[in-house]
Amino acid sequence: MQDIKYLTGVGPKKATLLASELGIRSVEDLLRHYPYKYVDRSRFYYLHELTEDMPFIQVKGQILKFEKFGEGKSLRLTAQFTDGKGTLELVWFKGIKFILEKYKTGLDYVVFGKPTAFNGRYSLVHPEIDLVTQLPPAEQMGLQPFYNTTEKMKSGFLNSKTIQKIIFPLIKNLQNGIPESLPAYILKRFALMNLTDSLMNVHFPKNADALNKARQRLKFEELFYIQLSILRQTKWREQNFKGFVFAQIGHYFNAFFSHYLPFELTGAQKRVLREIRTDVGSGKQMNRLLQGDVGSGKTLVALMAMLMAIDNGFQAAIMAPTEILANQHFETIKEMLGDIGVRVALLTGSTRPKVREEIHGKLRSGELNILIGTHALIEDTVQFANLGLVVIDEQHRFGVEQRSKLWKKNHQPPHILVMTATPIPRTLAMTLYGDLSVSVIDELPPGRKPIQTYHYYQNKRQGLNQFIAKQVNAGRQVYIVYPLIQESEKMDLQDLENGYNYISETFPDYKICKVHGKLKNAEKEFQMQKFVSGEAQIMMATTVIEVGVNVPNASVMVIENAERFGLSQLHQLRGRVGRGADQSFCILLTGFKLASETRKRMEIMVRTNDGFEISEADLQLRGPGDLEGTIQSGLPFELKIANLAQDGKMLEIARGAAMEILEDDPSLEKTENRVLLTQLRKLKTNTLNWGVIS
Ligand code: ADP
Ligand code: MG
């Protein structure tokens, strides 16, 4: 492997940066560092055409005058630039002396950069500037690639342009071709561009059409190998692990169904229970993801699945992300089970050592049927007599490692039911889990009224207060939530405190409780309990209440600084209301100045209650990397070119192809498939871990 530091334009310093910042170590890595966008530099804009949200532009014109503002560190140079149809401000914060020497008023320049708009005026910060006379002819300008860099790289003089210069000679040398990374029959079948041409065109597109074909091929390749890898893992797992068989529906399930069920199951709940029943009877280990919007009744499904386990001589456990939730599940489940005779225990971080010992003993002896808890229940000290099913509630709070521990709780891995209210778009679910079966509860229990959502600016506070008073006087309860974002934790808590003081003064007659992550667990419980019991009318909190909490009498969710929350988080928070028969409301409060993306988020929230629509929109707006609440560490695979929001169709095709190949040649021994094994080995992922435990 050629050391990249000997490449033209690289050298030891840049080589180190490329490795540490982007993991680029070889020529192949460089070639696979695809541009993230292209700018058509054959097109010139006129200044009166500019709109907000414009990508990069280039404009021909002249500088009218330069002006300096500020001093020392805040020194800034601006230039008025005009093309005769409008004006534009050019701005520099660095290299001012150099700029003033190099560029003159009254000459014909082309300026290039990303315009920003403020108060109807446009500016380009640190634009690229060329004399019109020195510009290559338009047809040679073509599509200019842009490469991802980091701040560190930029300060080491490794910007997009430099990367382009490093890659250019490599591409020229590609003329002789590099080994193809997809089997020939796949290229043919899907009419894909070969690897050499694809790499040439992705970095230096001949034209838009060639670029498109190149990108299609590279995307396909990426998705195909991810799917191939996941599917192989699944097969391996199926061969190496059996699943416990829950052969019968027995006493507990039937008794519960006929005598204890407080209401009719929804059609969706019934369907999901049938799906689970099929899984646990199949002899294969169940790995099922249960998606159901907030309030759709997942807990009940979980409970009934656990009863299936108990009826067949197994124990079951349910794991919640917080103590509050674990407690709540414990209360709910105990109440629902009444005197049916199932023994349930609660185990969390605050369970006292003595009680804990007792629980441990009863789990080992098989005396306990259901264990409810936080991640405390996956500790190695917790051992079961015969654990058959684990339900994981609000799955995104659990790391991969934690889940792997679950597998070791019995001589065979227990069945796993993962429940989430974050609807993971299908394409994302496929990439994340590949092999996980998915059930959906797409129906709310009857009698629920859709939550009405409003977006208000801060100045509507008076009106909001009156509204809160009206709701409380009608017997309802109200949540007021403040953002808590790590970097500014102190300030955020301050916000919550200020808000608390303000609300206490505004509503001296109401009981108000307050919950945030910095409280001791016992105190958190105590405050929560005040709200659950109805003693407090208003709950002021940070996002610790985001998941799962169920207080059907709460009918108003006020979200302060809603602009600081992501879409799925807003949806989760909103899901805390609308759980009873009363009309519920969600009020999103924001400042006046909103980025257009933020405004879209608010609009989506106001428009729809549909979690799937919201998560799709989230994926579109933010990209899968940031899709919060899905899994904290992001995708298990780094996607270099495919985009889950856009390439769903291709993902399915790639998956289909991977499946067919594995059917035909499970261990990939055929000559024409040899390349597959080589490529799979290169796939830099943690597939192995992931595949085994998801
Ligand atoms: P989530 O899916 O968000 O976890 P829960 O399981 O907490 O939802 O259920 C929300 C509420 O709906 C609970 O109060 C629960 O008792 C109630 N519920 C669940 N299923 C039904 C049903 N089939 N009919 C009426 N109410 C139901
Ligand atoms: Mg729940």
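Every number for a ligand or one of its atoms is a count from 1 in the order of the listing.
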Where's the contact between Gln291 and ligand 1, heavy-atom distance under 4.0 Å: side chain, backbone, both or neither?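 Near ligand 1, Gln291 shows nothing, with every heavy atom at 4.0 Å or more.
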Judged by modelled atom types alone, do Tyr260 and Asp339 share a side-chain donor-acceptor pair under 3.5 Å?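 A donor-acceptor contact under 3.5 Å links the two side chains.
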Are a donor atom and an acceptor atom from the side chains of Ser439 and Gln291 found within less than 3.5 Å of each other?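 Absent: no donor and acceptor within the cut-off.
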Numbered atoms and elements of ligand 1 in range of [X], under 4.0 angstrom, heavy atoms:
X      : result
Thr299 : 4 (O), 5 (P), 6 (O), 7 (O)
Arg579 : 3 (O), 7 (O), 10 (C)
Glu264 : 22 (C), 23 (N), 24 (N)
Leu265 : 23 (N)
Thr266 : 23 (N)

Please confirm whether Lys409 makes a cation-pi placement over Phe384, using NZ or CZ under 6.0 Å from the six-membered ring centre and within 45° of the ring normal.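 Here Lys409 fails the 6.0 Å and 45° test against Phe384.
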Out of Gly575, Gly297, Pro552, whose heavy atom sits nearest atom 9 (O) of ligand 1?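 Selected option, by shortest heavy-atom distance: Gly297.
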Check whether any heavy atom of Arg448 sits under 4.0 Å from an atom of ligand 1.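 For ligand 1, residue contact (heavy atoms, under 4.0 Å) with Arg448 is present.
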What do you reckon, are the aromatic ring centroids of His415 and Phe246 less than 6.0 Å apart?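 Here the rings of Phe246 and His415 have centres that are less than 6.0 Å from each other.
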Between Asn609 (side chain) and Pro450 (backbone), is there a donor-acceptor pair under 3.5 Å?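 No, because the side chain of Asn609 does not come within donor-acceptor range (under 3.5 Å) of the backbone of Pro450.
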Is there any N or O on Gly292 that sits under 3.5 Å from an N or O of ligand 1?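 No - when backbone and side-chain N and O of Gly292 are compared with those of ligand 1, no distance drops under 3.5 Å.
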With Arg288 via salt bridge (charged side-chain N to carboxylate O under 4.0 Å, His left out) - residues at least two apart: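 Scan of Arg288 (salt bridge (charged side-chain N to carboxylate O under 4.0 Å, His left out), adjacent residues dropped) gives Glu275, Asp279.
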Scan the side chains in residues 308-319 for donor-acceptor partners under 3.5 Å anywhere in the protein, sequence neighbours excluded, and list what turns up.
residue, atom, partner, partner atom, Å
Asp311, OD1, His251, N, 3.3
Asp311, OD1, Tyr252, N, 2.8
Asp311, OD2, Gly250, N, 3.0
Asp311, OD2, Phe253, N, 2.9
Asn312, OD1, Ala247, N, 3.0
Asn312, OD1, Gln248, N, 3.0
Asn312, ND2, Gln248, O, 2.9
Asn312, ND2, Met308, O, 2.7
Gln315, OE1, Ala385, N, 2.9
Gln315, OE1, Asn386, N, 2.8
Gln315, NE2, Leu363, O, 3.0
Gln315, NE2, Leu368, O, 3.0

